[in-house]
Structures are given as structure tokens and as C-alpha cells.
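Notes follow once the structure below has been shown.
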Amino acid sequence: LPSGLIIQWGQGVLAGDTSGTVTFPIAFPNGVLSTSATLGNVLDGSHSYSIGFGASPTPKTAAAITITTTTTGYFTFGFSWIAIGY
């Protein structure tokens with residue numbers, strides 16, 4: 001944006017009870033102000049879950065994502081994310 005604010009977004013897939021990394025399409029020159037992720041669809045099964053998205057060892061280029069489920073077994077989750085920085 002003209003003010004220097006950068007908004008990036010995307011989608012991914014991750015198995016439940018695992019962690020992963022979302023790599024931003026472009027690096028934020030100064031840093032990330034806010035991150036958010038939501039589960040868009042459950043590709044297999046129906047159960048309780050939570051999603052965490054945020055701090056990473058490389059905050060200008062990536063964010064850590066974790067999906068936790070209370071149901072045993074293998075489940076795959078689709079998710080959408082957004083990151084705002086400058």
C-alpha cells in the first residue's frame with residue numbers, strides 16, 4: 001500500500017496434531033504486525049480442533065503454524081492465512 005503497509009495471504013494444507021511453516025511470498029522489510037489463520041475446511045473427518053499461527057525464528061519471511069485435534073487418527077485440514085506488516 002502507499003503507506004508502506006504490506007498485506008499477504010494464502011492457503012495451505014496440514015495434518016492434524018502437526019506443525020509446519022508458512023513462508024511469505026515476499027519478505028517483510030521491517031517486520032510483521034499481525035498474523036491470523038483459520039481452518040477453511042476439514043478434508044477428512046469431523047472433530048474438535050484448534051489452530052495456532054504466529055511467531056517464527058524468521059519473522060520477516062515465515063510464520064509457524066500448528067493444528068491440534070482432540071480426535072485420534074489421521075486428519076487433514078485446509079487453512080487460510082493472512083499476515084500484515086511493513
Side-chain angles (χ1 to χ4, degrees):
L1 300 174
S3 66
L5 193 66
I6 300 169
I7 302 171
Q8 301 186 65
W9 61 91
Q11 297 178 328
V13 176
L14 188 66
D17 290 331
T18 61
S19 297
T21 301
V22 169
T23 302
F24 303 133
I26 61 171
F28 289 100
N30 299 295
V32 177
L33 299 172
S34 177
T35 59
S36 180
T38 58
L39 291 172
N41 60 329
V42 178
L43 302 177
D44 183 15
S46 176
H47 46 279
S48 300
Y49 53 81
S50 64
I51 188 167
F53 184 57
S56 170
T58 55
K60 292 182 181 180
T61 61
I65 187 159
T66 303
I67 297 175
T68 305
T69 179
T70 58
T71 304
T72 58
Y74 179 81
F75 298 95
T76 303
F77 297 87
F79 64 91
S80 298
W81 62 268
I82 187 167
I84 301 170
Y86 64 104

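This is a predicted model, so every value here is computed, not measured.
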For residues [X] and [Y], report the shortest heavy-atom separation together with the two atoms involved.
X	Y	answer
Gly85	Leu5	O-CD1, 3.3 Å
Gln8	Pro25	OE1-CD, 2.9 Å
Ala27	Thr61	CB-CG2, 3.6 Å
Gly54	Ala63	O-CB, 3.2 Å

Say whether [X] and [Y] are linked into one hydrophobic cluster, either directly or through other cluster members, by side-chain heavy-atom distances under 4.5 angstrom.
X	Y	answer
Leu14	Trp9	no
Ile82	Tyr86	yes
Val32	Ile26	yes

Worksheet item: Which residues satisfy the ring-ring contact (aromatic ring centres under 6.0 Å, His included) test with Phe24, sequence neighbours excluded?
Response: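 With neighbours one apart ignored, the set is Phe28, Trp81.
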Worksheet item: Rounded to the nearest 0.5 Å, how far apart are OG1 of Thr21 and CD1 of Ile65?
Response: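 The CD1 atom of Ile65 is 9.5 Å from OG1 of Thr21, to the nearest 0.5 Å.
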